[in-house]
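All remarks here apply to the structure that follows.
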Amino acid sequence: MAEKREKAHGISSSPMPMMGSRVLESGEEVNTTMRTAETLLRLLPMALCLSALVVMLKNSQSNDYGSLSYSDLGAFRYLVHANGICAGYSLLSAIVAIRPRPFTMPHAWTFFCLDQVLTYVVLVAGAVSAEALYLANKGDMAVTWSAACGSFGSFCNKATISIVISFVVVLLYAVLSLISSYRLFSRYEAPVDYPGKAIEATVFHS
């Protein structure tokens with residue numbers, strides 16, 4: 001009798017609604033996991049940028065040969081500013097990424113552009129600082145730049161640590177740039193292939 005009533009009222013005992021709800025729940029769990037992973041990946045550069053910033057800010061040495069500080073070199077000052085900007089952006093982007101709301105196209109474009117900019121800013125700062133450190137180690141007789149690391153070894157060691165940390169940040173932001181690029185361009189549909197407008201290839205016979 002119950003089966004007849006279900007058929008009379010058009011009620012189906014199909015398990016499809018239950019399967020659909022399970023798919024939605026699994027999709028939400030995947031999105032939550034990806035959001036959490038991206039947030040952690042954005043917080044890690046913040047910690048590294050702050051570490052590189054603090055190491056460089058405290059980098060100064062005085063001895064019988066004189067005194068030397070990071071502020072005496074423009075490349076190291078640029079590295080400090082770049083790490084400060086990177087730390088601030090990393091924190092803000094992590095806060096935005098962890099919020100459970102739909103990711104719109106403006107958000108995708110903003111993350112894509114800023115991730116690219118921060119990657120190159122820190123990369124340039126690290127490269128310029130590495131060049132300055134190389135000159136401090138080897139010197140340059142052509143411009144009468146004497147090697148300073150022989151007399152200021154502690155200063156050069158701290159500068160090396162800060163530069164290495166900055167290049168690690170570059171690698172992390174390269175990964176973040178790939179993620180933001182995928183999130184942006186995966187929202188666009190692939191070009192439609194029209195069979196009638198296929199390009200004919202010319203075959204040359206020998």
Side-chain angles (χ1 to χ4, degrees), residues 20-59 70-71 73-134 156-191:
S21 62
R22 291 176 182 175
V23 170
L24 290 175
E25 291 177 358
S26 62
E28 292 177 357
E29 291 178 358
V30 170
N31 290 333
T32 303
T33 303
M34 292 181 62
R35 190 184 300 116
T36 304
E38 183 181 357
T39 302
L40 295 176
L41 191 59
R42 290 186 178 278
L43 288 176
L44 183 56
M46 182 196 69
L48 293 175
C49 286
L50 289 176
S51 300
L53 177 67
V54 171
V55 170
M56 188 61 78
L57 284 176
K58 294 184 176 181
N59 192 13
Y70 84 95
S71 59
L73 298 173
F76 291 169
R77 293 198 304 270
Y78 176 40
L79 185 65
V80 167
H81 294 316
N83 280 318
I85 295 172
C86 174
Y89 170 73
S90 299
L91 177 60
L92 292 176
S93 63
I95 293 174
V96 174
I98 195 61
R99 297 179 65 181
R101 63 178 183 178
F103 211 78
T104 61
M105 286 296 291
H107 287 117
W109 272 108
T110 302
F111 272 96
F112 171 73
C113 294
L114 292 180
D115 286 349
Q116 298 286 330
V117 170
L118 261 295
T119 301
Y120 287 109
V121 165
V122 181
L123 176 61
V124 171
V128 173
S129 299
E131 182 181 6
L133 183 63
Y134 175 82
C156 292
N157 291 335
K158 290 182 179 179
T160 301
I161 293 173
S162 181
I163 293 170
V164 170
I165 294 175
S166 299
F167 279 116
V168 175
V169 172
V170 172
L171 294 177
L172 291 175
Y173 259 98
V175 175
L176 287 171
S177 297
L178 292 175
I179 294 174
S180 59
S181 300
Y182 173 77
R183 178 184 290 118
L184 173 62
F185 294 109
S186 62
R187 291 174 175 267
Y188 291 93
E189 296 181 357

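Values below: all heavy atoms of this structure, side chains included; hydrogens, waters and symmetry mates excluded. Every value quoted in this text rests on a predicted model; they were computed, and no experiment measured them.
To the nearest 0.5 Å, atom CZ of residue R77 and atom OG of residue S129 are 11.0 Å apart. The structure places CD1 of I95 at 10.0 Å from OG1 of T39, a figure rounded to the nearest 0.5 Å. A distance of 6.0 Å separates CD of Q116 from OG of S180, quoted to the nearest 0.5 Å. Rounded to the nearest 0.5 Å, atoms CZ (R99) and NE2 (H107) are 7.5 Å apart. The distance from the CG atom of N59 to the OG1 atom of T160 is 9.0 Å, given to the nearest 0.5 Å. Note: I85 CD1 to L53 CG = 11.0 Å, rounded to the nearest 0.5 Å.
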Practice item. Show your reasoning for whether side-chain contact (heavy atoms from CB on, under 4.5 Å) applies to D115 and R42. Key: CA-CA 10 Å; D115 286 349; R42 290 186 178 278; 2.8 Å; yes

Practice item. Apply the test side-chain contact (heavy atoms from CB on, under 4.5 Å) to residues Y89 and V117: give CA-CA distance (whole Å), side-chain angles for both, the deciding distance (0.1 Å), then the verdict. Key: CA-CA 11 Å; Y89 170 73; V117 170; over 6 Å; no

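Residues K158 and K58 approach most closely at NZ-O, 3.8 Å, considering heavy atoms. In terms of heavy-atom proximity, A82 sits nearest to V122 at O-CG2, 4.5 Å. Minimum interatomic distance between G126 and I163 (heavy atoms only, all atoms of both residues): O-CG2, 4.0 Å. Across every non-hydrogen atom of S166 and N83, the tightest pair is OG-ND2, 3.3 Å. Counting all heavy atoms, side chain and backbone alike, S93 lies closest to F111 at CB-CE2, 3.6 Å. Nearest heavy-atom pair, A87 versus M46, reported as atom, atom and distance to 0.1 Å: O-CG, 3.4 Å.
Looking at heavy atoms from C-beta onward, V121 lies in side-chain contact with Y78 at the 4.5 angstrom threshold. Using a 4.5 Å heavy-atom threshold, the side chains of Y70 and V55 count as separate. Here the side chains of S90 and Y173 are in contact, with some heavy-atom distance below 4.5 Å. F167 is listed as a side-chain neighbour of L123, based on a closest heavy-atom distance under 4.5 Å. Side-chain contact between I179 and L41 is present, with at least one heavy-atom pair separated by less than 4.5 Å.
Exactly one of L79, N157, V54 qualifies for a side chain to side chain contact (heavy atoms under 4.5 Å, CB included) with S162. That residue is L79.
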